[in-house]
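None of these values were measured; they are calculated from a predicted model.
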Amino acid sequence: MSQRLVTRSQKTKKVVPPVAFSRLLDAALCPPDENLVLPFTSNDSTPQRGWVKVMLRPLVCPEVVGFTSEKRMEVRLLAPGSMVANVDFVESVFGNAGDPSLPENDAALDVEHWNGTTGCIILAPHLRLLKKKDLGLPHWDKATDRQKRDSMAWKDESELYNNGGAFKISLRTKEGVFVTMIADNYFGYCKKEVKTQLSFSSNLFGTEEEHAGGALAFASMSWGGEFYPDQRVLRPNHHYDGRAPLKSYTYAEAIKFLGDEVEVQKEGYAVDKKFPDIVYIPEDSVASMETGQITWKGGSMFLVPNHVYIHPSGYQMSLKKSLDKAGWHITGTVAEPMCCHKPSTVSGGGKSEISKLLSDMITFGTVRIDNVKKDLAYVDMILKRDYSDRFSEPRGSELPLLDPKRTLGSLVKLLTPSDEYTADYNEWLDTIPPMIKSLVFLVKHHYKPSWGKDWKSHINVQMIDGHEGDICLVDGKHVVVQYLRMGKTRDNRERKFKLRHDFVPAQKIQTEDDISASVVVPRERLEHLSSEVSNPSVKIVKNCELRLFQRPDDACIRGYDTKTEEDLASLGNFISNFEPMTGQEAQELTKRAVDFDKYTEPMQKLLRQAAEGPKEKFVVSSAHFRLVNGKPTANPRYLQVRTDFGEPRASRVAHVAACLRRCMPVTKPTHFPVNGVLPGRRNNPPDSFPD
């Protein structure tokens, strides 16, 4: 019999004699008295000593209605009292399955949901002090070649096991029993061992544990100041392609699918009972920022900011502040998402980035016009040109460029060189200055049918000192252009790329971050899948974690990682490797006005409160990582509440929108199988965390 040992320092697997494992287990269960002291009693005259334990039931197989029920394993985590924070950490990530001695919490009695595997994890940092000889390991002269290679022998009686370094040792059986001892106190290794046991359990059960990130991404766009249900709303893929027929969606059918979960109003719309700011509107609804109303045949209502208005097709519309906070626009979001799944087996592979806010990487600028008359005349020529010659063989009639049935996306494609086009046409495209193309797209985005052919009168520039300037105006209002920041050049200049005028970051619901359970299901076993799903089998994934152990590397830049600043400014955080700051230090920080103003409002508010409170109390600034050997750590961490838990309205909208799109009752479950697998990558070298 042999077991495997994985050392933290060498990252190699070693065969451990059973006698050594047995003695390590005995020692792990008999820690020194000082390790058993509960921290909050350590200063008492009679400190309390004991063990802390928690029962976990990690997810092994997600529930798929009509195919399988949810399956879980069981894991018992034991720690000496001084390591209660480690138990609290793991409990925060995986939840607490209750007292296992009670029948209702006994996994063996839960035949429907227990997958038959059991794990045990014992935290025992004192094992690093044990000597090889005391563990029953042989003398070097009597050891086998394998034992010598694995350092499972000693030359000097004082030699420490694993050279006194941190390690973990695991015993696993084919029956599905796992026992692991961890000779370390780092939070992350507790979570990783649960993941390891979960992975082994999944392999035995026939499902898969995946080290992956993922999100449901709902494509969004800006409608400008008006919304109307055209082909972008009604066609199957939400875009005009000239082939897919329009599908009819009616308010009456939507109310039938929504059933008792809405309150129908006499004015002709309905309100969600769970979230009153979710409103269901008739199929012919038109929204206008100018009037501030949504109108339809026989009724109207106010267009309220940040409410979600859902069309019978499932398409969602809202009035929101633009990202630059300088104005408003109507945004639209599709009903069917892309379920992005990014498997990655290394830290730094981009698992968490898939669900982060793209808006944090967007900056803003103005549109410039060098010569109004000349440039708009050039734009007019492009708009009036006949484009039937771009293909070697004619493909039928062309829609005018400003026709409402032609989307901005189709116009971008029209003016972008392609192998599908003739050489002469591509050559003509290359002669168009980028600024002129940008103006064409601007006119298309802002164009309203009511303008007719007189679109030029709506485009102008500012007057500066009695002369025409170069800042573009549409109907007298400034036009803001968005740029996406993507790294820096070698001389430290930011690389920026202009975004489309109708660009809005996708609405996202995080589905995975690090540990996921997945199962492959035959398509015919699932009801009401999206019409876009055509594979004979589909993958269903679910997050195994309740909270996510995030590493916010960019938080050191004040105001850059808005989500981290918002999270760290809230209550009930679990924070590791951030520098504790006293009230006095917080007060000094607030006095540095220029730097302090870079923080977002939540972090500013937290630091102000700390500065005004007791000077001996501590606070954490998102931009101040713990110092290790005089340098900020490369491993700042905190536990983030899953966004699908923190934003239940988004999950509700995703469910009802998909139900309406698929013409199914909202009482039925919606399945979002993986339909986008993204490759993992790592540009930076592996990190080492001595702290």
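Salt-bridge check for Lys191 with Asp514: passed, with a basic side-chain N closer than 4.0 Å to an acidic carboxylate O. Ion pair Asp145/Arg149 not flagged as a salt bridge, since none of the NZ, NE, NH1 or NH2 atoms sits closer than 4.0 Å to an Asp/Glu carboxylate oxygen. Salt bridge annotation for Arg662-Glu336: present, with a cationic side-chain nitrogen under 4.0 angstrom from a carboxylate oxygen.
Looking only at distances, a side-chain donor or acceptor of Asp150 sits under 3.5 Å from a matching main-chain atom of Val15. With hydrogens and angles ignored, the 3.5 Å screen pairs no side-chain donor or acceptor of Lys71 with any backbone N or O of Glu63. Between the side chain of Asp554 and the main chain of Asp561, no donor-acceptor pair closer than 3.5 Å is present. For the pair Ser42 (side chain) and Pro39 (backbone), a donor-acceptor distance under 3.5 Å is present. A donor-acceptor pair under 3.5 Å is formed between the side chain of His126 and the backbone N or O of Ala27. The backbone N or O of Ala215 lies less than 3.5 Å from a partner atom in the side chain of Thr511, making a donor-acceptor pair. Remark: side-chain polar atoms of Arg626 are not paired, donor with acceptor, to backbone N or O of Ser576 under 3.5 angstrom. When atom types are taken as modelled, the side chain of Asn543 and the backbone of Glu545 share a donor-acceptor pair closer than 3.5 angstrom. When atom types are taken as modelled, the side chain of Glu512 and the backbone of Gln510 share no donor-acceptor pair closer than 3.5 angstrom. Using modelled atom types, one side-chain atom of Arg525 and one backbone atom of Gly66 make a donor-acceptor pair closer than 3.5 Å.
At least one side-chain heavy atom of Pro17 sits under 4.5 Å from a side-chain heavy atom of Gln147. Tyr638 is not listed as a side-chain neighbour of Val620, based on a closest heavy-atom distance of 4.5 Å or more. Taking the side chain as every heavy atom from C-beta outward, Gln640 and Lys563 approach each other to under 4.5 Å. Side-chain contact between Phe625 and Asn577 is absent, with no heavy atoms from C-beta onward closer than 4.5 Å. Counting heavy atoms from C-beta outward, Lys168 and Thr196 have side chains that approach closer than 4.5 Å. Within the 4.5 Å cutoff, the side chain of Val52 has heavy atoms near those of the Leu38 side chain. Contact of the Ile169 side chain with the Phe21 side chain is registered, since non-hydrogen atoms from C-beta on lie closer than 4.5 Å.
Asn115 and Thr117 are linked by a side-chain donor-acceptor pair at a separation below 3.5 angstrom, with hydrogens and angles left out of the test. Inspection of the Asp360 and Thr562 side chains reveals an N or O donor paired with an N or O acceptor under 3.5 Å. Side-chain N/O atoms of Ser530 and Glu532 include no donor and acceptor closer than 3.5 Å.
Contact between Phe578 and Ser621 at its shortest, heavy atoms only, is CD2-O, 3.6 Å. For the residue pair Val19 and Gly136, the shortest heavy atom distance occurs at CG1-O, 4.0 Å. In this structure, Ser151 and Lys14 approach most closely via the heavy-atom pair CB-NZ, 4.3 Å. In this structure, Ile121 and Cys190 approach most closely via the heavy-atom pair CD1-O, 4.5 Å. Here the closest heavy-atom approach between residue Met55 and residue Pro100 is recorded as CE-CB, 3.5 Å. Closest non-hydrogen pair, Val334 versus Phe218, comes out as O-CD2, 3.5 Å.
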> Do Leu127 and Phe167 pass the side chain to side chain contact (heavy atoms under 4.5 Å, CB included) test, and can you show the C-alpha distance, the side-chain angles, and the key distance before you say yes or no?
Replying inline: CA-CA 9 Å; Leu127 296 182; Phe167 65 90; 3.9 Å; yes

>> Could you walk me through whether Arg523 and Asn535 satisfy the side chain to side chain contact (heavy atoms under 4.5 Å, CB included) test, starting with their C-alpha distance in whole Å, then the side-chain angles of each, then the deciding distance to 0.1 Å, before giving a yes or no?
In response: CA-CA 7 Å; Arg523 179 165 57 96; Asn535 294 336; 5.5 Å; no

>> Using side-chain hydrogen bond (donor to acceptor under 3.5 Å, both in side chains), reason through Glu565 and Thr600 one step at a time and then give a plain yes or no.
In response: CA-CA 7 Å; Glu565 293 195 13; Thr600 58; 2.7 Å; yes

> Under the side chain to side chain contact (heavy atoms under 4.5 Å, CB included) criterion, do Leu171 and Thr173 qualify, and how do the steps go?
Replying inline: CA-CA 7 Å; Leu171 178 149; Thr173 73; 3.9 Å; yes

>> The test is side chain to side chain contact (heavy atoms under 4.5 Å, CB included); show your working for Thr564 and Gln550 and say whether it passes.
In response: CA-CA 9 Å; Thr564 294; Gln550 299 289 26; over 6 Å; no

>> Checking Glu74 against Thr118 for the side-chain hydrogen bond (donor to acceptor under 3.5 Å, both in side chains) test, could you report, in this order, the C-alpha distance in whole Å, the side-chain angles of both residues, the deciding distance, and whether it holds?
In response: CA-CA 5 Å; Glu74 62 174 350; Thr118 298; 2.6 Å; yes

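Here the straight-line distance linking atom CZ of Arg72 with atom CZ of Arg57 works out to 7.5 Å at 0.5 Å rounding. Distance CG/Leu160 to OG/Ser158: 7.5 Å, rounded to 0.5 Å. In this structure, NE2 on His528 lies 8.5 Å from SG on Cys659, to the nearest 0.5 angstrom. The distance from the OG atom of Ser92 to the CG atom of Leu548 is 12.0 Å, given to the nearest 0.5 Å. Here OG1 of Thr180 is found 10.5 Å from CG of Leu77. Values are rounded to the nearest 0.5 Å. Expressed to the nearest 0.5 Å, how far CG of Asp513 lies from SG of Cys544 amounts to 11.5 Å.
Between Phe178 and Phe200, a ring centre-to-centre spacing shorter than 6.0 Å is recorded. With ring centers used as reference points, Phe187 lies under 6.0 Å from Phe574.
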Could you give the side-chain donor-acceptor pairs of residues 667-676 under 3.5 Å, partners two or more places apart or in another chain?
{"from": "Thr670", "atom 1": "OG1", "to": "His655", "atom 2": "ND1", "distance (Å)": "3.1"}
{"from": "Asn675", "atom 1": "OD1", "to": "Cys339", "atom 2": "N", "distance (Å)": "2.6"}

Under 3.5 Å, side-chain donor or acceptor atoms of residues 81-91 against the rest of the protein: list the pairs with distances, not counting sequence neighbours.
{"from": "Ser82", "atom 1": "OG", "to": "Asn35", "atom 2": "O", "distance (Å)": "2.7"}
{"from": "Asn86", "atom 1": "ND2", "to": "Asn185", "atom 2": "O", "distance (Å)": "3.0"}
{"from": "Glu91", "atom 1": "OE2", "to": "Asn96", "atom 2": "ND2", "distance (Å)": "2.7"}

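Here salt bridge (charged side-chain N to carboxylate O under 4.0 Å, His left out) pairs that include residues 115-133, with residues two or more places apart or in two chains, are Lys132-Glu159, Lys133-Glu157.
Every salt bridge (charged side-chain N to carboxylate O under 4.0 Å, His left out) that Arg652 has, sequence neighbours left out, goes to Glu261, Asp272. Under the ring pair (Phe, Tyr, Trp, His ring centres under 6.0 Å) criterion, Phe94 pairs with no residue at all, not counting sequence neighbours. Partners of Trp154 under the ring pair (Phe, Tyr, Trp, His ring centres under 6.0 Å) rule, at least two apart in sequence or in another chain, are His139.
Of the candidates Leu639, Leu568, Asp567, Ile575 forms a side-chain contact (heavy atoms from CB on, under 4.5 Å) with just one, namely Leu568. Only one option out of Lys342, Lys539, Lys195 pairs with Glu210 in a salt bridge (charged side-chain N to carboxylate O under 4.0 Å, His left out); it is Lys539.
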